[in-house]
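Below is one structure, written out as structure tokens; the observations come after it.
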Amino acid sequence: MSRRTIVKGAAWSVPVIAAAVAVPMAAASAIPGNNANYHWQGESQENWSTLTNDTWSAQIVPNSPVSGAAISITVVFNQPVTLSAIVTNNPTWSGPQLNSTATSFTFTQPTGGWGHNLTFSFTFPPGAAGSTLTSSGVMFITPSSAAEWTAEAAVNSLTLAAR
């Protein structure tokens with residue numbers, strides 16, 4: 001390969017690199033802290049969600065609500081649980097069917113208003129008593145250009161008690 005070929009190739013790559021740098025990042029994204037449009041209620045205490053022997057609960061608080069978008073929460077468990085009830089004062093959450101058994105559940109709700117409480121109940125297999133159950137809840141907004149949301153996960157852990 002000649003030097004002329006290398007120089008010619010480099011000259012063609014400069015406009016491509018410049019174009020890539022000129023493209024702006026998305027207007028909104030996941031960010032840390034409670035300065036986002038949407039954040040976990042207990043963010044300042046790092047107590048972002050509650051996990052008990054049969055319930056997962058969290059509240060999302062908007063600093064400045066955004067209309068026309070949807071907020072979603074995905075909760076991931078380290079072992080399968082069965083969704084037994086969605087217990088919340090806000091009926092606009094949509095999600096998996098009751099009696100679904102999985103390690104991951106996603107719930108979605110329109111973003112309008114001033115508070116997004118989500119509580120759901122679950123059961124676990126009898127053989128799981130005494131084992132450690134962990135949960136990790138993450139939130140996101142769609143479309144992602146609509147708002148900023150907290151990037152940190154709401155993480156909990158407990159030892160399952162026999163029933």
Side-chain angles (χ1 to χ4, degrees), residues 20 23-125 127-161 163:
V23 175
M25 293 183 65
S29 59
I31 63 170
N34 60 4
N35 294 320
N37 292 90
Y38 294 90
H39 61 90
W40 300 109
Q41 166 67 31
E43 185 124 10
S44 59
Q45 295 88 25
E46 294 188 8
N47 184 21
W48 306 332
S49 64
T50 303
L51 177 65
T52 67
N53 208 44
D54 62 357
T55 305
W56 189 92
S57 182
Q59 181 173 2
I60 307 301
V61 178
N63 283 332
S64 51
V66 176
S67 61
I71 187 167
S72 293
I73 298 176
T74 297
V75 183
V76 178
F77 293 95
N78 67 321
Q79 58 183 303
V81 298
T82 300
L83 182 65
S84 58
I86 299 174
V87 185
T88 183
N89 62 357
N90 193 330
T92 60
W93 285 103
S94 63
Q97 292 184 353
L98 295 181
N99 300 315
S100 300
T101 299
T103 56
S104 176
F105 300 99
T106 299
F107 301 87
T108 303
Q109 179 184 66
T111 55
W114 281 97
H116 301 272
N117 299 317
L118 172 62
T119 300
F120 63 88
S121 298
F122 58 87
T123 59
F124 54 88
S131 65
T132 299
L133 179 67
T134 60
S135 67
S136 178
V138 294
M139 75 172 85
F140 54 96
I141 305 291
T142 53
S144 62
S145 61
E148 294 177 332
W149 63 93
T150 297
E152 298 97 345
V155 178
N156 286 293
S157 180
L158 63 85
T159 300
L160 292 170
R163 298 175 193 238

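- The shortest heavy-atom contact between I141 and A69 is CG2-CB, 3.9 Å.
- For the atom pair CH2 (W93) and CD1 (I86), the distance works out to 10.0 Å, reported to the nearest 0.5 Å.
- Listed for the N117 side chain is no donor-acceptor partner under 3.5 Å among the backbone atoms of Q59.
- Considering every non-hydrogen atom in both G130 and T159, the closest pair reads O-CG2, 3.6 Å.
- The shortest distance between side-chain heavy atoms of N78 and L133 falls below 4.5 Å.
- Here CD1 of I71 is found 9.5 Å from OG1 of T108. Values are rounded to the nearest 0.5 Å.
- Between V138 and I73, the closest side-chain pair of non-hydrogen atoms is not below 4.5 Å.
- Residues T103 and Q79 bring no donor and acceptor atom of their side chains to less than 3.5 Å of each other.
- Note that OG1 of T52 and CG of L158 are 7.5 Å apart. Values are rounded to the nearest 0.5 Å.
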S57 vs T50, test: side chain to side chain donor-acceptor pair (under 3.5 Å). Steps then yes/no.
CA-CA 5 Å; S57 182; T50 303; 5.3 Å; no

How far apart are the C-alpha atoms of F124 and F77, what are their side-chain angles, what is the distance that settles it, and do they pass the ring-ring contact (aromatic ring centres under 6.0 Å, His included) test?
CA-CA 11 Å; F124 54 88; F77 293 95; over 10 Å; no

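- Note that OG of S72 is 11.0 Å distant from CE of M139, once rounded to the nearest 0.5 Å.
- Counted by atom type alone, D54 and S121 present zero donor-acceptor pairs between their side chains at under 3.5 Å.
- Counting heavy atoms from C-beta on, the side chains of T101 and F122 never come closer than 4.5 Å.
- In this structure, the separation between CG on L83 and CD on Q97 is 10.0 Å, given to the nearest 0.5 Å.
- Residues passing the ring pair (Phe, Tyr, Trp, His ring centres under 6.0 Å) test with F140, sequence neighbours excluded: none.
- Across every non-hydrogen atom of P80 and P125, the tightest pair is O-CD, 3.9 Å.
- Aromatic ring centres of F120 and F107 lie closer together than 6.0 Å.
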Determine, step by step, whether S104 and T74 satisfy the side-chain contact (heavy atoms from CB on, under 4.5 Å) criterion, reporting the C-alpha distance in whole Å, the side-chain angles of both residues, the deciding distance to 0.1 Å, and the verdict.
CA-CA 7 Å; S104 176; T74 297; 3.6 Å; yes

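- Atoms CG and CH2, on N156 and W56 in that order, are 8.0 Å from each other to the nearest 0.5 Å.
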